[in-house]
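What follows is a single structure, written as structure tokens, with notes after it.
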Amino acid sequence: MSAPKKLFVKTYGCQMNVYDSERMTGALEAAGYEATDSPETADMILLNTCHIREKAAEKVYSELGRLKPLKARNPDLKIGVTGCVAQAEGEEIFRRQPAVDLVVGPQAYHRLPQMEAAVRSGQRALDTDFPEEDKFDHLPAARGPRARRAPTAFLTVQEGCDKFCAFCVVPYTRGAEVSRPAERIIAEARDLVERGVAEITLLGQNVNAYHGAGPEGPVTLAALIRQLAAIDGLQRIRFTTSHPNDMSADLIAAHGEVEKLMPYLHLPVQSGSDRILKAMNRKHTADAYLDVIAKVRAARPDIALSGDFIVGFPGETDEDFEATLALCEQVRYAQAYSFKYSARPGTPAAGRTEVPEDVKSERLHRLQALLSRHQADFQESMIGRILPVLLEKPGRLPGQMVGRSPYLQAVHLVADEAAAGQIVPVRITASETNSLSGERVD
Ligand code: SAH
Ligand code: SF4
Ligand code: F3S
């Protein structure tokens with residue numbers, strides 16, 4: 001038998017891409033490939049791309065330019081582009097970078113093995129369809145180096161989006177909202193737990209809009225979480241990303257009732273100004289968002305909140321921006337992401353008059369300073385507390401491990417690598433910008 005061909009996958013963008021990369025790796029492993037960490041030795045390179053902001057999309061072309069010379073060294077090397085840039089730009093990718101052999105969008109990954117065969121026979125392969133069949137029914141379980149080791153795993157339960165926020169490419173690149181049937185998700189979760197996974201993060205572009213088929217009708221995300229919580233050996237459940245309008249009462253209640261559901265909620269708001277929220281087509285006001293936050297906090301008082309913000313959306317005035325700062329002061333996020341608005345081709349906001357770049361930069365700077373201050377306050381409030389930490393992987397220094405607190409903070413401590421996957425009590429002794437350190441107290 002010939003030596004297995006080598007596959008290198010580089011992942012950009014959101015967690016769903018991380019999950020998809022694992023599934024694609026599984027599909028190509030079944031077709032005789034072996035995953036590698038080095039592009040230099042690869043016979044197939046896949047860039048699993050993100051189209052959310054201009055910078056993210058442009059990165060792909062510079063990476064392709066860097067990879068192209070590898071083809072001179074290995075004539076068998078094939079290069080593929082997958083993910084949201086593949087979906088959005090399709091054939092255009094071959095024109096901009098002729099070294100690319102394969103372009104496949106997120107809903108057609110189950111066709112990857114056939115496409116690989118076509119590419120090996122010297123053809124180019126392109127598939128940006130939204131087929132009827134569920135790609136996950138035709139993809140082997142997630143494999144690859146990360147999937148084999150980690151005690152934590154992602155599990156996509158819902159994909160696509162029907163919300164059409166005026167700035168966002170996701171409804172176009174991922175397609176309409178689709179939920180996977182509950183029993184498939186539960187079977188996949190059981191498999192993961194048997195392989196040693198202790199924590200599962202349920203993924204969806206609008207995960208809380210989940211409404212998968214169940215034996216007695218549609219299952220909500222809250223009901224799914226309750227069913228997953230009954231799996232022995234599964235210790236922690238998380239989910240991301242949620243939309244404020246889909247934060248139903250049963251999901252809020254689950255935060256107070258399901259012990260395995262971690263006290264962390266990523267709930268993007270984008271802006272604190274009602275005028276801008278309307279222009280963004282978010283279909284909620286700042287007060288409606290704050291009301292959801294209040295209810296979640298009533299159900300789970302210690303919950304850590306996270307959010308996403310866009311500054312400099314077309315038409316955003318100083319007053320609108322001040323409203324965003326005021327909302328942040330009210331919520332006091334444990335952690336948050338903020339971005340300068342980036343016009344995306346084909347979205348409703350793309351043609352609107354833009355806020356000048358220097359104004360965007362200045363606003364981003366001010367918002368991030370405030371968010372960092374709140375994050376530091378939250379981090380420091382942990383000092384002296386004993387937190388259950390799920391040990392994940394080797395840390396920065398020899399003899400160290402890094403794990404996660406219930407609030408999704410990275411925690412560094414002295415621990416043996418063999419303890420990966422265990423949840424241990426840790427006294428928090430110090431806080432840095434994006435992590436905590438502590439010592440085991442068991
Ligand atoms: N499905 C999720 C996340 C979508 S993308 C949700 O609904 O929240 C993640 C974040 O990227 C968004 O929350 C938004 O803050 C940001 N984003 C999306 N499009 C953007 C754009 N055109 N410019 C800048 N930031 C954007
Ligand atoms: Fe994009 Fe809005 Fe859908 Fe989130 S809810 S994926 S921001 S369109
Ligand atoms: Fe990016 Fe697509 Fe995810 S645009 S954020 S990779 S859904």
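Counting convention: from 1, in listed order, for ligands and their atoms alike.
- Taking every heavy atom of T241 and a limit of under 4.0 angstrom, the matching atoms of ligand 1 come to 2 (C), 6 (C), 8 (O).
- For the residue pair Q87 and Y172, no side-chain donor N or O sits within less than 3.5 Å of a side-chain acceptor on the partner.
- Counting non-hydrogen atoms of neighbouring residues, nucleotides and ligands closer than 6.0 angstrom, the CZ atom of F164 exceeds 12 such neighbours.
- R96 forms a cation-pi arrangement with Y61, by the criterion of a distance under 6.0 Å to the ring centre and an angle within 45° of the ring axis.
- Atoms of ligand 3 lying under 4.0 Å from at least one heavy atom of C84, given by number and element, are 2 (Fe), 4 (S), 6 (S), 7 (S).
- A distance of 11.0 Å separates NE2 of H266 from CG of L305, quoted to the nearest 0.5 Å.
- The number of heavy-atom neighbours closer than 6.0 Å to NZ of K68, taken from other residues, nucleotides and ligands shown, is 12 or below.
- Residues E159 and Q205 have side chains that never bring a donor and an acceptor to within less than 3.5 angstrom of each other.
- Contact annotation: for M16 versus ligand 3, there are no heavy atoms closer than 4.0 Å.
- In summary, E54 and R344 do not engage in a salt bridge, as defined by a charged side-chain N under 4.0 Å from a carboxylate O.
- Closer than 4.0 Å to atom 4 (C) of ligand 1 lies none of the heavy atoms of the protein.
- Ranking protein heavy atoms by distance to atom 3 (Fe) of ligand 3, first place goes to C14 SG, 2.3 Å.
- The number of heavy-atom neighbours closer than 6.0 Å to CD of E183, taken from other residues, nucleotides and ligands shown, is 12 or below.
- The nearest protein atom to atom 15 (O) of ligand 1, hydrogens excluded, is given as Q270 OE1, 2.6 Å; this is a heavy-atom distance.
- Residue contact check: F164 has heavy atoms under 4.0 Å from atoms 8 (S) of ligand 2.
- Each of the atoms 3 (Fe), 5 (S) of ligand 2 lies under 4.0 Å from some heavy atom of N206.
- Nearest protein heavy-atom contact of atom 19 (N) of ligand 1 is F167 CD1, 3.3 Å.
- Side-chain contact of E40 with N74: a donor-acceptor pair under 3.5 Å is absent, judged by distance alone.
- Residue contacts with ligand 2 for P268 are absent, since no atom lies close enough (heavy atoms, distance under 4.0 Å).
- Heavy-atom contacts of H243 reach the following atoms of ligand 2: 5 (S) (cutoff under 4.0 Å).
- Selection from D308, D246, T240 by nearest heavy atom to atom 12 (C) of ligand 1 gives D308.
- Checking C161 against atom 3 (Fe) of ligand 2, an N/O/S atom falls under the 2.8 Å cut-off.
- Scanning the protein heavy atoms around atom 21 (C) of ligand 1, the nearest turns out to be S342 O, 3.6 Å.
- Taking every non-hydrogen atom of Q205 and a distance limit under 4.0 Å, the qualifying atoms of ligand 3 come out as 7 (S).
- Here is the list of ligand 2 atoms found below 4.0 Å of a heavy atom in P171: 8 (S).
- Between the side chains of N48 and D20, no donor-acceptor pair of N or O atoms lies under 3.5 Å.
- When non-hydrogen atoms are compared, ligand 2 lies under 4.0 Å from neither the backbone nor the side chain of T241.
- Residue contacts with ligand 1 do not include H243, since none of its heavy atoms lies under 4.0 Å from the ligand.
- In summary, no N, O or S atom of H51 is located under 2.8 Å from atom 1 (Fe) of ligand 3.
- Remark: Q368 CD to F339 CZ distance equals 9.0 Å, nearest 0.5 Å.
- Taking atom 8 (O) of ligand 1 as the reference point, the nearest protein heavy-atom neighbour is P268 CG, 3.2 Å.
- Per-residue contacts place C165 under 4.0 angstrom from the following atoms of ligand 2 (heavy atoms of the residue considered): 2 (Fe), 5 (S), 7 (S), 8 (S).
- For ligand 2, the atoms closer than 4.0 angstrom to any heavy atom of K163 are 3 (Fe), 5 (S).
- No heavy atom of N206 sits closer than 4.0 Å to any atom of ligand 1.
- The shortest contact between atom 16 (C) of ligand 1 and any protein heavy atom is with R53 NH1, 3.3 Å.
- In this structure, the protein non-hydrogen atom closest to atom 18 (C) of ligand 1 is I52 CG1, 3.5 Å.
- With a 4.0 Å cut-off on non-hydrogen atoms, F339 touches ligand 1 through its side chain and not its backbone.
- Aromatic ring centres of F309 and Y341 lie farther apart than the 6.0 Å criterion allows.
- Applying the 4.0 Å criterion to heavy atoms of R344 picks out, from ligand 1, the atoms 22 (N).
- Looking at atom 1 (Fe) of ligand 3, its nearest protein heavy atom turns out to be C50 SG, 2.3 Å.
- Short contacts between ligand 2 and F167, defined as distances under 4.0 Å to a heavy atom of the residue, involve ligand atoms 7 (S).
- If you check the side chains of K55 and S342, you find no donor sitting under 3.5 Å from an acceptor.
- Closest heavy-atom contact between P394 and V402: O-CG1, 3.8 Å.
- The ring of F239 has its center closer than 6.0 angstrom to the ring center of H255.
- Residue E357 qualifies as enclosed at atom CD: its count of foreign heavy atoms under 6.0 Å is above 12.
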Chi angles and distances behind the salt bridge (charged side-chain N to carboxylate O under 4.0 Å, His left out) call for R111, D127: CA-CA 8 Å; R111 297 177 178 163; D127 196 336; 2.8 Å; yes

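- With 3.5 Å as the limit, one finds no donor-acceptor pair spanning the side chains of D358 and S361.
- Within the structure, the closest approach of K340 to ligand 1 falls below 4.0 Å when heavy atoms are considered.
- Within the cation-pi definition used here (under 6.0 Å to the ring centroid, within 45° of the axis), R23 does not qualify as a partner of Y109.
- Residue N17 approaches ligand 3 through these ligand atoms, each under 4.0 Å from one of its heavy atoms: 6 (S).
- In terms of protein heavy-atom proximity, atom 1 (N) of ligand 1 is closest to Q205 O, 2.6 Å.
- In the vicinity of C168, heavy-atom distances shorter than 4.0 Å reach the ligand 2 atoms 1 (Fe), 6 (S), 7 (S), 8 (S).
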